[in-house]
2 protein chains.
Amino acid sequence: MSILERTHLEIIRAVEQHGSLTAAAEKLHLTQSALSHTVRKLEDQLGLAIWHREGRRLRPTQAGEYLLAVANRLLPQLVHAEERLKQFAQGERGSLRIGMECHPCYQWLLKIVSPYLAAWPEVDVDVKQKFQFGGIGALFGYEIDMLVTPDPLYKAGLTFEPVFDYEQVLVVGPQHPLRDAAYVQPKQISDETLITYPVAIERLDIYNLFLTPAGIAPKRHKIIETTDIMLQMVASGRGVAALPRWLVEEQSAKFDVAPVKLGPEGVAKQIFLGFRETDAEIDYLRAFVALARTHRDKRRRTI
Amino acid sequence: MSILERTHLEIIRAVEQHGSLTAAAEKLHLTQSALSHTVRKLEDQLGLAIWHREGRRLRPTQAGEYLLAVANRLLPQLVHAEERLKQFAQGERGSLRIGMECHPCYQWLLKIVSPYLAAWPEVDVDVKQKFQFGGIGALFGYEIDMLVTPDPLYKAGLTFEPVFDYEQVLVVGPQHPLRDAAYVQPKQISDETLITYPVAIERLDIYNLFLTPAGIAPKRHKIIETTDIMLQMVASGRGVAALPRWLVEEQSAKFDVAPVKLGPEGVAKQIFLGFRETDAEIDYLRAFVALARTHRDKRRRTI
DNA sequence: CGTATCAATTACAATTATTCATGCATTAAT
DNA sequence: ATTAATGCATGAATAATTGTAATTGATACG
């Protein structure tokens with residue numbers, strides 16, 4: 001009946017990865033002959049070629065490309081299922097794979113993870129940041145179990161819950177004229193160097209919610225990967241940046257920087273936790289959401 | 001290395017489906033003994049039980065439930081991959097699995113599908129309407145390849161494109177006092193029987209965009225599954241319904257019904273086509289979008 | 001109780017996967 | 001050119017896996 005087995009997907013993947021049957025065989029702890037046989041059989045059964053044989057080189061056919069995509073999608077899920085079962089067997093709870101879609105999310109997560117790890121010693125936490133199909137796709141595709149994101153999706157089989165409110169502010173250095181301003185207006189940025197994380201402009205809040213609506217652009221746009229360096233640059237007067245207020249205040253002991261409100265009302269942001277509804281009953285997952293929620297409540301009371 | 005094979009998933013699924021090893025064995029064209037062996041081996045390798053043996057009954061353990069979920073998620077994808085490869089082999093193009101999230105979507109699809117089938121004889125079209133995780137989830141989970149929906153999602157690895165604009169109108173019968181009104185106001189519905197498809201109220205446009213904002217509810221709410229019966233009910237004065245204007249006009253030869261604008265401005269709606277970005281290069285998929293788009297343009301010119 | 005049903009087990013058979021030895025084609029080097 | 005090296009394919013032999021038949025023991029049910 002069924003012809004596509006796990007091995008086939010593994011072979012296809014290994015060949016792609018190592019370039020030849022022989023190399024793939026090595027990695028799979030088999031002989032080249034073994035692979036050649038199984039491949040031939042598979043191709044016979046399917047009635048099509050998976051690779052073009054060009055001389056002694058294998059180039060995937062259209063079907064091969066398709067199979068490769070299937071393999072890359074399904075194999076990780078099988079591997080993860082096995083891992084999870086192993087953990088089950090050892091009395092461990094499992095692992096929580098958390099995906100991240102924004103930089104402040106990451107900063108926030110750092111604060112939550114350590115109390116969580118302490119409360120749930122049997123649970124591993126994996127943090128992932130790159131997804132082929134974006135965070136939502138990673139949730140649906142079982143690449144991750146929990147998504148930390150600034151934009152929720154109230155729909156379908158996912159549940160989103162707000163867990164953190166913060167204000168996005170402009171960060172300026174010690175000599176900056178805006179340092180003691182009550183707030184900054186978009187046009188006051190038009191002569192500045194703006195430092196941001198390496199993210200598409202459409203996904204940067206300071207553009208979406210502040211600059212772009214006013215039709216303003218900064219004089220220069222500089223990209224920096226890490227928060228520390230970014231703050232050093234700001235502290236040394238080389239530019240301004242946009243970060244969560246709580247993060248700036250936390251770092252203001254280390255760097256001489258100050259937060260300035262974006263516009264008279266400020267820019268309010270939220271972070272959400274999203275997960276599959278079917279996972280809602282997993283205790284260590286619920287616990288994570290609950291922990292995040294209490295963190296939020298605690299904070300709210302003190303504000 | 002790897003222990004979880006396709007067979008295992010198939011066995012787990014069959015046992016769940018048919019209630020016993022013996023019955024499952026029958027369906028899989030194997031003996032009960034064979035299953036017993038493979039199951040034992042799998043459980044040994046995993047180091048945990050998949051079923052509680054209660055007398056002669058098998059009840060899934062937690063691990064069993066988990067494996068069942070994995071099986072139900074992955075096996076259909078393997079089956080579909082095989083089918084697609086078979087089609088490849090036979091020179092057919094493949095199949096386009098279209099998911100639907102609203103009733104007008106279905107009506108619209110009916111008009112598009114037949115020219116498409118004519119233009120692409122080597123492509124099968126499957127239409128699905130129920131999804132565990134909603135349409136978006138079905139797209140990400142490779143249950144469908146194309147989603148027809150009224151609410152798009154501009155994000156992640158999906159592309160959405162508007163392909164149809166229409167006006168949602170109230171449908172009334174021949175004797176109805178509103179028949180010749182320029183438009184209807186929400187309060188005029190408060191004494192009516194409203195007929196709708198069997199869909200949650202939150203997902204019905206006439207509530208979302210018309211009644212609920214005005215704080216109005218109809219006197220009665222009646223649920224009917226098929227458009228034809230719905231129109232017969234309306235024609236016989238048993239209630240009013242909300243449908244796309246084009247659909248009402250098309251059916252007005254068959255049923256004595258008339259469209260009435262909802263509110264002075266009318267209620268404008270759009271239908272979108274969504275698909276995975278990675279599929280954008282599949283010719284028969286592009287062709288479907290293109291066909292839908294030309295349909296739209298043609299219609300626009302005539303309005 | 002006796003019978004029917006079901007899973008587990010044992011011993012054995014059948015099938016399938018893998019290897020070994022080898023050939024043939026292609027690429028690279030001398 | 002000639003030789004060496006590399007890579008895939010093939011056939012026969014063998015190892016390993018997967019399956020079956022027959023039987024047992026347990027349990028539900030009339």
Side-chain angles (χ1 to χ4, degrees), chain A residues 1-61 63-65 67-68 71 75 78 82, chain B residues 1-61 63-65 67-68 71 75 78 82:
Chain A
M1 279 279 90
S2 38
I3 47 194
L4 250 193
E5 293 294 328
R6 176 172 185 173
T7 351
H8 298 137
L9 299 181
E10 245 142 22
I11 291 172
I12 285 161
R13 209 197 204 185
V15 169
E16 159 76 11
Q17 228 170 77
H18 302 104
S20 76
L21 264 197
T22 317
E26 179 101 5
K27 287 288 165 182
L28 297 174
H29 306 291
L30 288 171
T31 57
Q32 171 270 320
S33 172
L35 291 207
S36 184
H37 277 131
T38 42
V39 162
R40 187 176 204 302
K41 194 175 156 195
L42 177 61
E43 288 186 325
D44 283 355
Q45 284 179 320
L46 291 176
L48 45 74
I50 298 174
W51 293 280
H52 297 290
R53 324 291 151 122
E54 295 176 344
R56 63 191 194 193
R57 175 157 277 101
L58 296 182
R59 197 170 49 81
T61 61
E65 297 280 6
L67 271 172
L68 188 58
L75 286 178
L78 281 171
E82 275 178 9
Chain B
M1 277 280 90
S2 39
I3 49 195
L4 250 194
E5 292 295 328
R6 176 173 184 171
T7 348
H8 299 135
L9 299 182
E10 246 143 21
I11 292 173
I12 286 161
R13 209 196 202 184
V15 169
E16 158 76 11
Q17 228 170 78
H18 302 104
S20 76
L21 265 197
T22 317
E26 179 101 5
K27 287 287 164 183
L28 297 174
H29 306 291
L30 287 172
T31 57
Q32 171 269 320
S33 171
L35 291 207
S36 186
H37 277 302
T38 43
V39 161
R40 188 177 204 305
K41 194 175 156 194
L42 176 61
E43 288 187 325
D44 283 355
Q45 283 179 320
L46 291 176
L48 46 74
I50 297 174
W51 292 281
H52 298 291
R53 324 292 150 120
E54 295 177 343
R56 64 190 195 193
R57 177 157 277 101
L58 297 181
R59 197 170 50 81
T61 60
E65 297 280 5
L67 272 172
L68 188 60
L75 285 179
L78 281 172
E82 275 179 9

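Chain letters run A, B, ... following the sequence lines, proteins first, then strands; residues in each count from 1. Hydrogens, waters and symmetry mates are skipped; everything else that's a heavy atom, side chains included, is used.
The nearest whole Å value for the distance from the CD atom in B:Glu5 to the P atom in C:dA17 is 11 Å. When rounded to the nearest whole Å, the span between CD of A:Glu10 and P of C:dT18 equals 12 Å. Atom pair A:His8:NE2 and C:dA17:C1' shows a separation of 11 Å (rounding to whole Å applied). In this structure, CD of B:Glu26 is placed 13 Å from P of C:dT5, rounded to the nearest angstrom.
A:Leu58 and A:Arg53 get closest at one heavy-atom pair: CD2-CD, 3.5 Å. Residues A:Ile3 and A:Leu46 share a closest heavy-atom pair of CD1-CD2, 3.5 Å. Among all heavy-atom pairs drawn from B:Thr61 and B:Trp51, the shortest one is CG2-C, 3.7 Å.
Between the side chain of B:Gln32 and the main chain of B:Ala25, no donor-acceptor pair closer than 3.5 Å is present. Judged purely by atom type and a 3.5 angstrom limit, A:His18 uses its side chain to pair as donor or acceptor with the backbone of A:Ala14.
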B/S/- contact track for nucleotides 2-21 of chain D, protein heavy atom under 4.0 Å: ---BBSBBBBB-----SSBB
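Applying the salt bridge (Lys or Arg N to Asp or Glu O under 4.0 Å) test to pairs two or more places apart or on separate chains, those with a residue in residues 3-21 of chain B are B:Arg6-B:Glu10, B:Arg6-B:Glu82.
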